[in-house]
Structures are given as structure tokens and as C-alpha cells.
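Only one structure is covered here, and it is reproduced in the block below.
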Amino acid sequence: ALRIGFLMPKRVQQILLSQVEHYCFRYLKFEDCQRSREVGFVSSDPNFSVRPDGSVYTEQEVANLSEPVQFMVTARGLHDPRIWETTVKLALIGFEEMLSRVWESQPRVIKFSRRHQRASSANSLRRQKRDWVIPPINVPENSRGPFPHMLVRIRSDQDKDVGIRYSITGAGADQPPSGIYNIDPISGNMFVTQPLDREERASFHLRAHAVDMNGNQVENPIDLYIYVIDMNDNRPEFQNQVYNGSVPEGSKPGSSVMQVTATDSDDSTTANGMVRYRILSQTPHSPIPNMFTINSETGDIVTVAAGLDREKVSQYTIIVQATDMEGNLNFGLSNTATALISITDINDNPPELTVRTFAGEVPENKVNVVVTNLTVVDRDQPHSPNWNAVYRIVSGDPSGHFTIRTNPITNEGMLTVVKPVDFEMNRAFMLTVVVSNQAHLASGIQSSLQSTAGVTISVQDVNEPPVFPVSPKMIRFEEGVPAGTTLTVFAAQDPDHFIHQIVRYSKLSDPANWLKINRTNGQITTMALLDRESMYVKNNMYEATFLAYDNGSPQASGTGTLQIYLIDVNDNAPVLIPKEAQICERARPNSRINITASDADAEPNVGPFVFELPSFPASIRRNWTISRLSGDYAQLRLRIPYLEAGVYEIPVIVSDSGNPPLSNRSLIRIKVCPCDNNGDCSATGAVAAAGLGTGAIIAILICIIILLSMVLLFVVWMKRREKERQAKPLLIDPEDDVRDNILKYDEEGGGEEDQDYDLSQLQQPESLEHIINKPTGVRRVDERPVIAESQYPVRPSVPHPGDIGDFINDGLRAADNDPTAPPYDSLLVFDYEGSGSTAGSVSSLNSTSSGDQDYDYLNDWGPRFKKLADLYGGGDDD
């Protein structure tokens with residue numbers, strides 16, 4: 001249900017009243033269920049009145065408000081007997097002591113309302129009178145205490161009769177943030193326990209309860225509204241510490257620049273939160289110290305004077321101050337921010353060329369050559385449309401030989417040749433150049449006289465190559481002209497009129513090598529027949545390129561192209577197409593062969609063609625016939641009902657339509673074969689029609705037999721070679737084999753007198769570890785290594801003759817790298833007979849004189865000792 005009554009403000013309305021009469025301010029708001037109902041307000045203080053819209057104003061002059069003013073306002077409907085009341089308090093702005101006195105004054109007592117009954121005029125029913133609205137409790141923020149501080153006393157009229165217990169509920173009491181307010185349950189004194197901050201919470205809504213000792217409710221709960229009175233405890237804060245703005249140079253006074261904004265956390269409806277702006281300083285002070293002003297309420301910065309010039313001052317630094325208390329510097333709090341104002345460029349400075357006349361030179365026939373650079377000065381913002389130069393040639397170049405490109409870095413104008421100049425035509429140019437900007441000049445700015453300059457260009461003469469007047473030059477000739485025919489004179493001209501030079505000619509490109517050119521006068525003659533049907537002729541056109549060069553220094557040359565259009569003559573006979581065909585041996589309606597012809601010539605020396613069969617031999621016309629289909633096609637078919645299968649070569653005479661016509665006797669190879677029901681050649685018929693006679697088949701069989709015989713002979717030869725290789729493994733002559741001259745005996749070696757050997761090698765080692773653990777690649781060559789034998793290559797059972805040499809080489813490499821292969825050395829290996837001999841060496845044995853020793857017994861030891869017996873025995877005979 002809607003509540004009818006006053007809507008109390010969240011804080012005490014503060015306003016400065018001094019020597020003011022009829023000063024009004026909106027303070028009271030009244031809410032009614034029927035919005036259109038008129039409500040009347042009555043003030044208990046004659047110095048203040050309340051208008052029907054709720055505005056409170058002074059009735060007469062008020063001297064001062066050294067003490068807070070408090071009065072009651074009653075509201076009553078015109079046709080409603082009910083009334084409502086509220087309390088209004090007024091205090092001066094900024095006097096915290098006075099507000100403290102209001103807070104610290106004697107706490108008032110808030111009583112629970114009593115129920116009243118009154119009779120209705122319409123009937124005898126009784127109704128309850130509405131409760132009085134409890135005035136709000138005002139508490140200033142940031143109070144220094146002491147705490148807890150008593151605010152009000154809650155009291156019930158029944159406390160004289162029964163024991164009453166008081167309590168409060170709501171946010172700030174028993175709900176978060178809890179503990180800010182509490183109440184003495186016996187006395188009903190309500191306290192605030194800590195300083196309040198309006199910026200955190202501006203109001204509290206509590207409910208006071210009264211119960212007896214048994215917990216029974218003795219009074220209806222009453223609403224308590226606590227409003228936190230704002231204090232000026234927050235400085236204005238700028239949204240940005242540095243603001244950036246801009247304004248064009250030359251702006252008029254009053255031009256908007258930027259806006260700065262500061263916010264204050266204090267109450268914006270009071271002076272505590274009302275911010276005002278002002279400019280503290282401007283840097284630099286040129287042209288005057290106060291080029292800008294700021295709207296004190298909105299923070300808009302505008303220009304107040306003319307004379308902004310970017311070329312003199314490109315940026316201003318403004319220090320802006322924001323102060324609350326409506327800008328009162330005595331009571332308000334302040335903060336500052338920096339505003340950077342950039343002066344943007346406008347095109348108020350025309351470009352100016354540095355000199356009035358420029359000069360340059362250029363060689364003739366050269367393009368994309370920079371003749372000279374035009375330098376310019378512009379004081380506007382570099383690399384902007386106001387600074388970028390645009391050059392134009394206004395006179396002196398009607399043919400468009402030159403253009404001016406702007407260097408994007410230096411802004412210079414590069415005068416460039418875009419069309420070749422001819423020294424013989426123009427030896428010099430006088431140009432007039434005008435420079436401007438990409439952007440138009442600002443209003444009221446005139447172009448400078450120094451934006452125009454003259455350019456003198458001298459043309460340098462160079463040796464120019466000879467030029468063919470017409471290139472390509474086309475001539476027409478019939479093909480087949482004989483060698484030595486003069487076709488034309490292809491002469492070139494030397495453009496250097498002021499220098500007499502000799503021009504010579506040579507051939508540069510002649511794909512078919514048909515032409516030659518006279519070295520002196522450029523006369524073209526043929527060296528061979530011109531053939532239109534040649535592969536070098538494209539679309540009846542033959543092209544050749546010739547070179548003309550002078551004797552200047554340096555030598556210059558030019559090229560020219562000669563095009564010869566060859567007119568066709570009837571020099572090619574038609575050729576029959578196709579060359580091969582097949583037909584059924586029995587004449588059928590669809591057994592026909594379509595034939596045509598091709599002719600390398602062109603119209604009118606081609607079709608229509610005439611096809612006919614020769615009269616000889618007579619069997620041709622007897623067995624075959626030709627019927628014409630069109631100018632280029634005819635049909636060849638059997639005249640007789642049956643023709644034996646086979647291959648037939650049928651001569652056909654083809655004639656073209658040239659004048660005179662050319663004829664050609666062509667052969668068409670026709671395979672006559674048996675056909676199936678569909679008219680297609682059968683498999684047997686295709687073989688029979690292949691045209692292989694008995695002689696051909698016999699020749700093929702003979703070739704096969706010869707091939708098989710060669711293979712058989714090769715196999716027999718390989719077998720014989722294998723047997724010879726097994727019978728004689730070594731590839732040496734038997735007479736050179738000395739193995740039969742040497743007999744191998746179980747010898748134990750020669751004596752120490754015969755050979756000077758290191759006998760220490762014969763000592764048996766104590767162990768084989770030093771042999772087994774030898775490093776790789778280091779081995780003894782006087783004994784068989786104790787390692788696995790190497791694997792030698794194995795010859796295949798049927799080797800290829802070419803593998804014999806490879807097999808020998810592979811075996812040689814394996815034997816050279818095999819550490820187990822003999823010979824180990826020229827030393828002989830002796831059997832070890834044990835250690836401990838009294839003789840350390842056989843050399844220690846002393847022999848008697850040879851004369852006393854008898855060696856004849858050696859003859860009894862057999863043939864192996866015969867040599868030794870011959871040496872030592874029979875010394876007298878020797």
C-alpha cells in the first residue's frame with residue numbers, strides 16, 4: 001500500500017541566510033495516493049512559510065542564523081480531516097561547530113505514539129488516528145567522539161506501569177554493517193559507536209521495539225531514520241591528470257578548445273560538492289599571458305584573444321584548478337590538473353622557391369633523367385598537406401617533354417624528362433614553374449610572388465643511331481621467285497644532320513636464310529626460293545630484321561624489320577587422306593570408304609578436288625568405284641559383290657582447282673576382310689588381312705631359329721669356359737709353373753750361420769693375452785694370428801666371363817688384408833721344445849774343426865738330407 005505523508009530528506013538542508021528576504025529553496029516533499037489532491041502546508045515559525053509545491057522560503061528579513069532554526073510543518077488536505085507533521089532544521093553552510101552543537105545539544109526523547117479514536121460524520125464507526133511521523137535523526141560525519149555518543153532516548157508511556165525492554169533492528173544495528181548503533185534496553189538511550197562516513201552510507205533505517213519482561217510487545221514498532229550530515233572532507237578529483245586538446249592557429253576569440261572535468265565525492269546538492277574551475281597559469285605567455293579562459297562551472301576552455309600562431313608557439317601548457325565550496329578558496333578544497341593545448345596548423349604560409357631562376361642540362365633521347373632540383377621553403381607543419389609542395393609547368397613545354405615530381409622527404413621538385421628531346425629540334429627550353437600546396441591556402445592568405453620561378457634547360461647533342469623511316473616495312477611478292485631477285489631497298493637515315501656520317505647495313509635476323517642486304521645502300525635481294533609453305537612463314541608473312549650503323553664515336557646502330565607477304569601459287573599437289581582403310585570382302589550397303597585430300601596451298605589453289613581411278617591396271621576399275629560426295633569428299637567402294645580377303649593398294653588420282661590444276665597419284669592401303677553380322681572384321685579375317693604371305697612367315701621362322709641357335713652356342717661356350725677354369729685355376733703358363741721344382745719337407749729351419757735372424761722371436765710366450773689383446777692394425781708377421789680367418793669371395797657356379805677379372809681382384813684385396821694368410825714373414829716357424837735348456841742358444845754349441853767331423857752318415861738319412869750330405873760329406877772330392 002502507498003504511504004501518505006512526508007518523504008523526509010536524507011540530511012538537514014543547509015543554506016546561507018544573511019540579510020535575505022523571500023529567499024526560497026525546495027526542501028519538503030509530500031506523497032499522496034491521489035496525485036491531484038491539493039495539500040496545504042502550515043509553518044509553526046512565522047519567519048518561514050511553505051508554498052503548495054513544498055518550497056520553504058523566508059517571510060521577512062533574517063539577520064543571521066548563529067543558532068540552528070527548527071520549526072514544525074503541518075500538512076493537511078483541503079477535504080481530508082487528517083493531518084501530518086514534520087520537523088525542519090536550518091543551519092549555516094560550512095560551520096561545523098554549529099552543526100556539532102546541534103548534534104551535541106540535549107538529546108530529545110522519542111515516545112511511542114498513542115492510538116486515538118474519533119467519530120466519523122457519516123456514521124458512528126470509530127477509526128484509529130494515524131501515528132505521527134518521527135522526525136529524522138541527523139548525525140554529522142567524521143565526528144571525533146567521544147564514543148559511544150547518545151543520539152536520542154526511546155520511551156514508552158507504559159514504562160511507569162510495567163518493566164519495559166527496548167531494542168533496535170535494521171542495517172547498522174543487528175544487520176550489516178552491524179554494531180554502529182545500539183540501545184540501552186532499560187533506559188532506551190540510543191548511541192552511535194563510531195565515526196560515520198557519508199560517502200560510504202548516507203542514511204540508516206532502524207526500527208525501535210518495546211516489550212515487557214515476558215517479551216510481549218507493548219508498543220507498535222516505530223521507524224527511525226538517521227541521516228549522515230555531509231562535511232567537506234573530499235577534494236575534487238580530475239578524471240585525468242593530463243588533458244590534451246587542440247585548436248587551429250588563427251582561431252577567433254571564443255573558439256572551443258577542450259573540457260576538463262573534476263568530481264567531488266561530497267554531496268553535490270550542497271556547496272561541499274559544488275566544484276568551480278579556474279586557470280592558474282599559462283606557459284608560454286606569448287603573445288599574451290591570458291590566451292585562454294575556462295568556464296568555472298562546466299570546465300570548458302576557450303580562447304579569449306586572437307594571435308595563435310603555430311609557427312611561433314606550437315603548444316601551450318595550462319594549469320587548471322578545481323575547488324569545491326563553489327570555488328570559495330577560504331573554505332574549499334582544491335586540486336590541479338595540466339591541460340596541454342596543441343596549436344594545429346593551417347595553410348597560412350605559401351611555399352616559396354629559394355631562387356628566381358634554375359638551370360640544368362639533359363642529353364637528347366634520354367628519359368627519366370632528373371634535370372635539376374627545385375628547392376622550396378614552407379613554414380607550415382612538415383609532411384602535412386599544408387607543407388607538401390605541388391609543382392606545375394605553366395609555360396615553355398607545349399609538347400610535354402618534362403614533368404616535376406615532388407620528393408616526399410625534402411619537398412624538392414625533381415624536374416624530370418618523360419619524353420625524349422631532340423637536339424636537332426630544340427637546343428634549349430625556357431620553362432615557367434609554379435609551386436603550391438596540396439591544401440588550399442587559408443582564407444585571407446595570398447600566394448607569394450616567390451612561388452613562381454623560371455627554369456633554363458640546355459639540350460646536349462649525342463650520336464643518334466640511324467633510323468629506318470618505315471619499320472616494319474611490308475612488301476608483296478609471289479612465292480617461288482628465283483634467287484638473285486631484288487625485292488626492295490631498305491635504307492635508314494641518320495638523324496644527326498649537323499654531322500656527316502656514313503651508314504652501313506648488315507643482316508640481323510633471317511630465319512630461312514633467304515635474303516641478303518647490300519652493305520652500302522641497303523638493297524634487299526633473294527638467295528633462295530621463297531616458299532609460302534615454309535615453317536618460317538606465319539600467316540603468309542615472312543619477317544627479317546636488318547641492322548644499320550654509323551661510323552660515329554661512339555658507334556650507334558638501329559634496327560628495322562622487313563615483312564614480305566608471299567602470294568600463293570599452285571605449287572603443291574593434293575595428298576589423299578586416309579592412307580589406310582578396311583572394308584568387308586562382301587559388298588554391303590554400308591561398306592564404303594570416305595576419302596578426302598589435303599593441299600598445302602591456299603585458296604583458290606585447293607579444293608574442290610577431283611577423285612578418279614586410273615585406267616591401268618584394268619582390275620582397279622573392275623573391282624572398285626569412286627562416287628563424289630562433295631567438293632572435298634568422295635566414297636570408295638567395291639564394284640563387285642565379293643573380293644578375296646587380303647591387303648590391296650588402290651591408286652587414286654586427286655586433282656586440285658588451281659590454274660593450272662595439279663594432280664597426284666596416291667595409294668590407299670585397303671584391308672579386305674571377312675566381317676561378322678555387324679559389319680566388323682572378324683579375328684581370323686584381321687589376321688588374314690594383315691598381308692603376311694608365305695615368304696614372310698618363312699623369313700620370320702628362320703630368324704627365330706637363328707636366334708635360338710645363338711643362345712644355345714653361347715651357353716655351350718660358357719660351360720666350356722667354366723671347365724677350363726676349374727682345370728687350370730691359375731692364369732699362368734704351365735711352363736712357368738715352378739711348384740713342381742720345389743719339394744716341401746718337414747724342415748725345422750736353417751742354421752744361424754746361414755741367416756741373421758732375431759732368435760728372440762722363437763721364445764714361447766708365457767701367455768697369449770698380449771696376442772689376443774693386441775690393438776687393431778698392429779700384428780706380428782712372424783706367426784699365425786690367433787683370430788678367426790677372413791672370408792674370401794666365392795665364385796658363382798656359372799660365372800659371367802666379365803666377372804673373372806673382378807673375382808681375381810677381389811681375392812687379391814682379401815688376401816692382402818687377411819692377417820691370417822701366409823706368408824707371415826721370411827722366418828720359419830719352429831716347434832717349441834720347452835724351456836730350461838742349459839744352452840741359451842744353439843750358437844753356444846762349439847763345433848770341432850770340419851776336418852775331424854765325419855758327415856758320411858748323412859747319406860743314410862734319405863733323400864731329404866742328400867743336399868746336406870753333399871755339402872759336408874766328401875770334402876776331399878770337392
Side-chain angles (χ1 to χ4, degrees), residues 465-494 503-550 555-580 595-610 631-633 652-668:
V467 178
F468 290 91
V470 179
S471 182
K473 180 180 181 180
M474 189 179 72
I475 59 176
R476 298 172 64 91
F477 271 88
E478 285 188 352
E479 63 173 330
V481 295
T485 303
T486 300
L487 300 182
T488 186
V489 175
F490 197 28
Q493 299 176 356
D494 192 348
V503 179
R504 294 289 182 262
Y505 303 91
S506 64
K507 186 169 62 174
L508 187 62
S509 173
D510 183 12
N513 199 23
W514 289 342
L515 308 175
K516 66 178 179 179
I517 186 170
N518 187 288
R519 184 172 179 272
T520 305
N521 58 15
Q523 180 177 305
I524 307 294
T525 56
T526 61
M527 296 190 301
L529 291 177
L530 305 183
D531 186 7
R532 191 196 68 86
E533 290 75 33
S534 171
M535 59 180 296
Y536 302 106
V537 178
K538 307 297 182 184
N539 298 325
N540 301 331
M541 193 75 68
Y542 179 77
E543 286 190 357
T545 306
F546 299 92
L547 182 69
Y549 55 92
D550 59 22
Q555 188 182 72
S557 62
T559 59
T561 301
L562 178 65
Q563 294 179 339
I564 305 175
Y565 185 86
L566 296 178
I567 303 172
D568 183 49
V569 297
N570 194 16
D571 57 347
N572 292 278
V575 178
L576 185 67
I577 298 175
K579 297 295 183 181
E580 295 183 353
I595 59 175
T596 184
S598 65
D599 197 324
D601 293 324
E603 294 288 348
N605 298 320
V606 290
F609 300 105
V610 177
D632 295 333
Y633 292 91
V652 177
I653 299 174
V654 185
S655 302
D656 59 21
S657 298
N659 187 18
L662 292 181
S663 300
N664 183 25
R665 181 186 175 96
S666 300
L667 293 177
I668 178 171

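Nothing fancy with the numbering, it's 1 onward along the sequence.
E479 places a side-chain N or O within 3.5 Å of a backbone atom of V569 that can act as its donor or acceptor partner. Of the possible donor and acceptor atoms, one in the side chain of Y505 sits under 3.5 Å from a partner among the backbone N and O of A492.
Here L562 contributes atom CG and M474 contributes atom CE; the two are 10.5 Å apart, rounded to the nearest 0.5 Å. Note that CG of L667 is 9.0 Å distant from CG of L576, once rounded to the nearest 0.5 Å. Note that OH of Y565 and CG of N539 are 9.0 Å apart. Values are rounded to the nearest 0.5 Å. Going from atom NZ of K507 over to atom CD1 of I524 covers 9.5 Å, rounded to the nearest 0.5 Å. In this structure, CG on N572 lies 8.0 Å from CZ on R532, to the nearest 0.5 angstrom. Interatomic distance, K473 NZ to F546 CZ, rounded to the nearest 0.5 Å: 10.5 Å.
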> Run the side-chain contact (heavy atoms from CB on, under 4.5 Å) check on R476 and I567 step by step: do they pass?
Replying inline: CA-CA 7 Å; R476 298 172 64 91; I567 303 172; 4.3 Å; yes

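The side chain to side chain donor-acceptor pair (under 3.5 Å) analysis of residues 518-530, with sequence neighbours excluded, yields the pairs T486-Q523. Sequence neighbours left out, the pairs with a member in residues 653-668 that pass side chain to side chain donor-acceptor pair (under 3.5 Å) are N570-D656, S655-S663, N664-S666. Applying the side chain to side chain donor-acceptor pair (under 3.5 Å) definition to pairs two or more places apart or across chains, those involving residues 555-564 are E543-Q563.
Crowding of K516 atom NZ: a count of heavy atoms from other residues, nucleotides or ligands under 6.0 Å not exceeding 12. Summarising the local packing, CZ of F477 is surrounded by more than 12 heavy atoms from other residues, nucleotides or ligands at distances under 6.0 Å.
Residues F490 and F468 place their aromatic rings such that the two centres sit under 6.0 Å apart.
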